[in-house]
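Here the structure is laid out as structure tokens; the discussion comes afterwards.
Computed from heavy atoms alone, side chains included, the values below leave out hydrogens, waters and symmetry copies.
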Amino acid sequence: MNYIILAFLFILSGFFMKYSDDLYDINHNVIFSTFLGILCAITSVAATLYNNDAAYIFISILIGNLIALKVDGIHHIITLVVFLVILLFVGIPHLSLIILLIFILAAIGDELGHEKIPNITDNMFLNLFFEYRFVMKFVIFLIAICGVFDFWVFICFILFELSYEGAGIVFEKYN
């Protein structure tokens with residue numbers, strides 16, 4: 001398996017995800033944010049179909065965001081529909097429901113913690129932990145260390161996260 005392709009898909013997905021969100025939330029640009037959301041869906045579903053471990057990550061992020069009520073704009077809804085239509089058309093990878101549930105709970109923990117923890121505590125560690133959504137990173141790391149996932153997928157997820165944060169920086173600089 002070529003992890004360079006997988007890393008590239010993770011990087012693009014993270015960048016498109018964050019830039020799409022910022023365009024919608026800050027600039028209220030529905031058209032371009034939706035376009036980037038569609039690109040995010042395509043790269044995410046491509047990674048999902050390319051690598052079974054990536055499927056756990058992207059499907060759990062999708063489900064976790066739905067449960068945490070973070071699908072809050074038309075760009076999210078269109079992105080979600082594109083992801084699901086492609087996935088249903090091509091075929092959903094075979095996944096362990098236990099592992100998927102663990103990842104969904106991690107995604108929910110990240111989303112709810114990101115929103116709630118700064119309002120609950122002034123603890124710098126907890127605020128940084130949830131600001132940068134470390135629950136999912138920690139879970140993927142543990143699953144990879146235990147040998148359930150390929151460690152390269154953890155590296156790809158870190159690249160996704162760095163790209164996500166980088167898109168926020170690029171957005172702030174050029175918008």
Side-chain angles (χ1 to χ4, degrees), residues 9-10 12-26 30 33-34 36-49 51-121 123 126-144 146 148-149 153-154 156-158 160-161 163-165 167-168:
L9 292 170
F10 268 84
L12 288 175
S13 177
F15 187 88
F16 294 145
M17 187 179 292
K18 177 63 173 167
Y19 212 91
S20 169
D21 252 0
D22 284 353
L23 276 172
Y24 186 83
D25 293 343
I26 297 167
V30 176
S33 65
T34 301
L36 290 180
I38 291 169
L39 292 178
C40 176
I42 291 168
T43 55
S44 297
V45 81
T48 295
L49 297 170
N51 180 281
N52 213 47
D53 294 350
Y56 285 103
I57 294 168
F58 287 107
I59 291 171
S60 67
I61 289 172
L62 180 128
I63 294 170
N65 277 286
L66 271 172
I67 293 170
L69 304 175
K70 298 295 283 183
V71 178
D72 58 1
I74 188 69
H75 69 301
H76 282 154
I77 294 166
I78 292 170
T79 301
L80 172 99
V81 168
V82 169
F83 183 92
L84 289 175
V85 166
I86 295 170
L87 193 60
L88 292 173
F89 181 75
V90 177
I92 300 171
H94 177 66
L95 302 174
S96 161
L97 291 179
I98 302 287
I99 300 294
L100 184 61
L101 181 60
I102 291 168
F103 277 76
I104 291 168
L105 292 173
I108 293 169
D110 273 341
E111 291 305 323
L112 294 179
H114 182 75
E115 295 292 322
K116 305 285 184 202
I117 294 300
N119 300 324
I120 296 171
T121 183
N123 183 299
L126 286 177
N127 283 316
L128 286 173
F129 186 85
F130 287 104
E131 171 69 23
Y132 293 103
R133 296 175 169 97
F134 269 95
V135 176
M136 183 72 90
K137 291 176 195 69
F138 185 70
V139 168
I140 295 171
F141 178 75
L142 287 178
I143 297 283
C146 291
V148 177
F149 264 32
V153 174
F154 169 71
C156 288
F157 186 68
I158 296 302
F160 167 91
E161 291 289 330
S163 177
Y164 182 92
E165 294 300 325

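Among all heavy-atom pairs drawn from S13 and C40, the shortest one is O-SG, 3.6 Å. Contact between V135 and G109 at its shortest, heavy atoms only, is CG2-C, 4.4 Å. Between S33 and S20, the closest heavy-atom pair is O-OG, 2.7 Å.
Going from atom CD1 of I99 over to atom CD1 of I143 covers 4.5 Å, rounded to the nearest 0.5 Å. Rounding to the nearest 0.5 Å gives a distance of 10.0 Å between CD1 of I67 and OG of S60. Note: I104 CD1 to M136 CE = 9.0 Å, rounded to the nearest 0.5 Å.
Residue pairs meeting the salt bridge (charged side-chain N to carboxylate O under 4.0 Å, His left out) criterion with at least one partner in residues 81-95, sequence neighbours excluded, do not occur; the list is empty. The ring pair (Phe, Tyr, Trp, His ring centres under 6.0 Å) pairs that include a residue from residues 54-81 are F10-F58, Y24-H75, Y56-F149, F58-F160, where partners are two or more places apart or lie in different chains. Sorted by first and then second residue, the salt bridge (charged side-chain N to carboxylate O under 4.0 Å, His left out) pairs involving residues 65-90 (not counting sequence neighbours) are K70-E115.
A 4.5 Å side-chain heavy-atom check between I63 and I108 finds every atom pair outside the cut-off. Between L39 and L36, some side-chain heavy-atom pair lies under the 4.5 Å cut-off. Taking the side chain as every heavy atom from C-beta outward, L87 and I59 approach each other to under 4.5 Å. Looking only at side-chain heavy atoms (C-beta outward), K137 and I158 come within less than 4.5 Å of each other. Residues F103 and I140 are in side-chain contact: their nearest non-hydrogen atoms beyond the backbone lie under 4.5 Å apart.
The side chain to side chain contact (heavy atoms under 4.5 Å, CB included) search around V85 returns V81, not counting sequence neighbours. For L12, the side chain to side chain contact (heavy atoms under 4.5 Å, CB included) partners are F8, F16, T43, not counting sequence neighbours. L62 is linked by a side chain to side chain contact (heavy atoms under 4.5 Å, CB included) to L66, L80, F83, L84, counting only residues two or more places apart in sequence or in another chain.
Counting heavy-atom neighbours within 6.0 Å of L88 CG, excluding the residue itself, gives a total above 12.
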